[in-house]
Every structure is written in structure tokens, then in C-alpha cells.
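Below, chains carry the letters A, B, ... as their sequence lines are ordered, and counting in each starts from 1.
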Amino acid sequence: MLKIATWNVNSLKVRLEHVLEWIKSAQPDVLALQEIKMQSDAFPHDIFRELGYHAIVSGQKTYNGVALLSKQPMLVETAVSDFPGYCDEQRRILGVEIDGVFILNLYVPNGAAVGTDKYLYKLIWLDHLRNFLTSLLNKRQKMIVLGDFNIAPTDQDVHEPMLWQGGVLVSEKERAAWKSLIDLGFVDCYRKSPVGETQYSWWDYRQAAFRRNMGLRIDHVLASAALVDHLQGCEIDKIPRTWERPSDHAPVMASFLL
DNA sequence: ATGGTGGTCCCACCA
């Protein structure tokens, strides 16, 4: 069984105890972290090694920053932290091969608001992502792409679609970009293994959004076609969102029988 | 209309 999870922690410094606590109970084989908001040399490798995890990091001061934890050794010579041919100072991707599966951890730009420079950056970034995945699929059959996509794929993934209509995270262009990824042959693991009513993965800190379950499902695990038949399940764990001083995101974990 | 970060000890930026 391969248990692989994603979690936007919104500062690993602040959330380290939450991450350790969650790892101990959920026991993922691989954990993709986003928004660690620290430089690579500040990453607490020793603490995770004590729990049995190797780590690779693409860190950045203040903003962004991604990391991958894995119980199995990672093939570091396969690691990538940039789209080929696209210069981006922001540390948002980290890919590596683990046990014959290529894992790609993403922190997709938020986009701020439709029509802004940041929104345009998001769309361009997603275009580079699609191109990168297309080229990866030529040499890799087994791929898992996971992270904070900052896109709610359909209105089903939004607590109050009318309220969000046309806005960032749900706009047509973002959803078209999402579909272009799915059309490469990826499957949204959460939708492949439904567990009843949609659970959200993110709730705004404001307006008591979590208490009122005003959330969006924007954190995802995608599996390439070659892995879909091995998918056992995919769950969103909202418990850490109830903890003191939580991240605004919940961890999402998919299980594969390989 | 909250929360994290960092440069200045309140404010700007980002989500």
C-alpha cells in the first residue's frame, strides 16, 4: 500500500507540531507540503528523519516553498524544481521519482482576482504545467500529481457556487486549465472514490468559514491512467483544521495498492 | 475582515 498525501501548511515553522502529530496518526508514505514559507537550509530534516522520513525541499523566504517527505528513499537525481524553459523565482514545484512512481508536488498560484497580473501569472503557470506534464508522460507511465491547485474543479466543490460565480479559484479559464490537465489522462482521485457528500479542503480564516463549513475543494491528488486501477481510496481529513492555530487547508490522502 | 511574514515595533504584502 502506498499512502500519499498533500497538505498546504501555511508556514511550516508555525505548523510543525501539527504536521508531526498528523504524520504519526495518518502514517503517509509520502507527504507533499506547500507554503512552507522557509528557506531550504532552515528545513528541520533531523526532526522528520527521527520519524523515518527522507526529505527534499525547494524553499523560499516568506512566501511559497514546497517539500516532499518520503519513507522510501527518493531518486534525487530525478528531482526537478522548475518547469523547463520557464524562469520563476517562486518555489512552487518539486518532483521526484520514488519506487518507480514520479511524484510532482504543486503549489499553484492563487491568482488574487480575475483580471489581475497575478491571475494572468496563474494561467501562464498552468500552461507551463500542462506542457511539462505532457513531456513527462512521454517517459513516465506512473505519475501522481498532487498539491494545492487553487482551483475548485466544479460547482460541486464549492459551498455556495452563486457566491463564488466567476471569481478566482472557480473561473472558467481556471477550470479550462484544470480540464486540460485531466484530458492528459489524469484522474481526480477524490472523485474516483466518492465517500458521500463533498468534503472541502480549504476554508478561509475569516467570517468563521470553517465553523459554517463555507469551504472549497482546491487541494487535489491526480493519478495517471496507469495508476488508476490501483487506487484504493482518497480522503480529506478535516480534523487538523479543528486544532488550535490551524492551517487554512486540510490534508488530502490517497491510497494505492501497488 | 483572519492569519503568516518581515521590516520596523505598526504596517504592507500575500493568501
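- Per the geometry, NE2 belonging to H18(A) stands 10 Å off P belonging to dG4(B), to the nearest Å.
- Note on S11(A): a side-chain N or O is less than 4.0 Å away from OP1 or OP2 of dT5(B).
- Taking atom OH of residue Y63(A) and atom C1' of nucleotide dA12(B), one finds them 8 Å apart after rounding to whole Å.
- Atom-to-atom, NZ of K37(A) to C1' of dT5(B) comes out at 7 Å; the value is rounded to the nearest Å.
- In the set dT5(B), dA1(B), dG7(B), dA1(B) carries the atom at the smallest distance from any side-chain atom of Q207(A).
- Nucleotides dC13(B) and dT8(B) have their P atoms positioned 14 Å apart, rounded to a whole Å.
- Protein atom CD of Q39(A) is 12 Å distant from nucleotide atom C1' of dT5(B), rounded to whole Å.
- dG4(B) atom P lies 16 Å from atom CD1 of I36(A), rounded to whole Å.
- Between W125(A) and F83(A), the gap from one ring centroid to the other is short of 6.0 Å.
- One interatomic measurement links the two molecules: CH2 of W164(A) to P of dA15(B), which rounds to 14 Å at whole-angstrom precision.
- If you take NZ of K122(A) and P of dC14(B), they are 15 Å apart, rounded to a whole angstrom.
- Between the OH atom of Y205(A) and the P atom of dG4(B) there is a distance of 5 Å, given to the nearest Å.
- Looking at heavy-atom distances under 4.0 Å, R92(A) makes contact with sugar-phosphate atoms alone, never a base.
- Searching all strands for a Watson-Crick or G-U wobble partner of dT8(B) with both distances below 3.5 Å returns nothing.
- A sub-4.0 Å separation between OP1 or OP2 of dG4(B) and a side-chain N or O of R245(A) is present.
- When side chains are defined from C-beta on, D99(A) does not count as touching L2(A), because their heavy atoms never get closer than 4.5 Å.
- Not less than 6.0 angstrom separates the ring centroid of W7(A) from the ring centroid of H18(A).
- Taking the six-membered ring for Trp, H230(A) and F256(A) have ring centres at least 6.0 Å apart.
- Applying the 4.0 Å criterion to OP1 and OP2 of dC14(B), one finds that K118(A) has a side-chain N or O inside that range.
- In this structure, R15(A) reaches the dG4(B) phosphate: one of its side-chain N or O atoms is under 4.0 Å from OP1 or OP2.
- Residues L12(A) and N110(A) each lie close to DNA chain B; by heavy-atom proximity, the contact nearer the 5' end of the strand is made by L12(A).
- Applying the 4.0 Å criterion to OP1 and OP2 of dG7(B), one finds that K61(A) has a side-chain N or O inside that range.
- With a 6.0 Å radius and a threshold of 12 heavy atoms from other residues, nucleotides or ligands, M162(A) has its CE atom at or below the threshold.
- Nearer to the 5' terminus of DNA chain B, by closest-nucleotide assignment, is the contact made by R206(A) (compared with the other of A112(A) and R206(A)).
- If you take atom P in dT5(B) and the same atom in dA1(B), they sit 24 Å apart, rounded to whole Å.
- Among the atoms of the strands shown, none is found under 4.0 Å from any heavy atom of F210(A).
- Side-chain heavy atoms closer than 4.5 Å link hydrophobic residues (I, L, V, M, F, W, Y) into clusters, and following such links, even through other members, never connects I124(A) to V114(A).
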